[in-house]
Amino acid sequence: MPASLRQIEAFYWTARLGGFSEAARHLNLAQSTVSKRIIELEGVIGTAVFDRSSHTLRLTKAGEA
């Protein structure tokens, strides 16, 4: 199953704005909705797109690609 436009949009704004909360505000969505879309996207592509191990959200190599 390919990634949906909503998943890609959530990824784009999260990466651009640097966080799930910021992306949620921009998209006028709940933070949990943005997080869920990112998790779904990661399921589709089979790998994490964000490194969540530190306080700052960073792209993984797959996320950069």
Side-chain angles (χ1 to χ4, degrees):
M1 174 171 93
S4 73
L5 182 57
R6 290 180 182 197
Q7 293 166 345
I8 294 168
E9 179 182 50
F11 167 74
Y12 174 81
W13 286 110
T14 302
R16 181 168 172 104
L17 299 175
F20 294 110
S21 297
E22 293 84 351
R25 271 193 294 277
H26 179 81
L27 295 168
N28 199 29
L29 297 170
Q31 182 271 330
S32 60
T33 302
V34 172
S35 180
K36 182 180 178 211
R37 289 179 183 176
I38 298 296
I39 290 167
E40 290 169 349
L41 175 65
E42 291 173 333
V44 168
I45 64 173
T47 190
V49 293
F50 290 108
D51 177 3
R52 297 172 180 89
S53 64
S54 67
H55 185 63
T56 305
L57 192 66
R58 291 185 299 201
L59 289 169
T60 62
K61 295 227 184 252
E64 290 177 9

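When reading the values below, keep in mind they use all heavy atoms of this one structure, side chains included, and skip hydrogens, waters and symmetry mates. As the structure is a computational prediction, the values presented were derived from the model and not from experiment.
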* Between Gln7 and Val44, is any pair of side-chain heavy atoms under 4.5 Å apart? -> yes
* Would you say the side chain of Leu57 lies within less than 4.5 Å of the side chain of Thr14, judging by non-hydrogen atoms? -> yes
* **Pairwise distance CD(Glu9) to OG(Ser4) - rounded to 0.5 angstrom** => 9.0 Å
* Apply side chain to side chain donor-acceptor pair (under 3.5 Å) to Arg25 and list each qualifying residue two or more places apart in sequence or on a separate chain. => none
* Asked: Can you name the residues that form a side chain to side chain donor-acceptor pair (under 3.5 Å) with Gln31, not counting sequence neighbours?
  ->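 Not a single residue meets the side chain to side chain donor-acceptor pair (under 3.5 Å) criterion with Gln31.
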Which heavy atom of [X] sits nearest a heavy atom of [Y], and at what distance?
X     : Y     : result
Thr47 : Ala62 : CG2-CB, 3.4 Å
Leu17 : His26 : CD1-CB, 3.6 Å
Ala24 : Val34 : CA-CG2, 3.7 Å

* Are there more than 12 heavy atoms of other residues, nucleotides or ligands under 6.0 Å from atom CZ of Arg52? ->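 Counting neighbours around CZ of Arg52, more than 12 heavy atoms of other residues, nucleotides or ligands fall under 6.0 Å, so yes.
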* Let me know which of Ile39, Thr33, Ile38 forms a side chain to side chain contact (heavy atoms under 4.5 Å, CB included) with Ser35. => Ile39
* Got a donor-acceptor contact below 3.5 angstrom from the Thr60 side chain to the Ala48 backbone? -> yes
* Are Tyr12 and Leu29 co-members of a hydrophobic cluster defined by side-chain heavy atoms under 4.5 Å apart? -> yes
* What class does the angle between the rings of Phe11 and Phe50 fall in, given that below 30° is parallel, 30 to 60° is tilted and above 60° is perpendicular? -> tilted
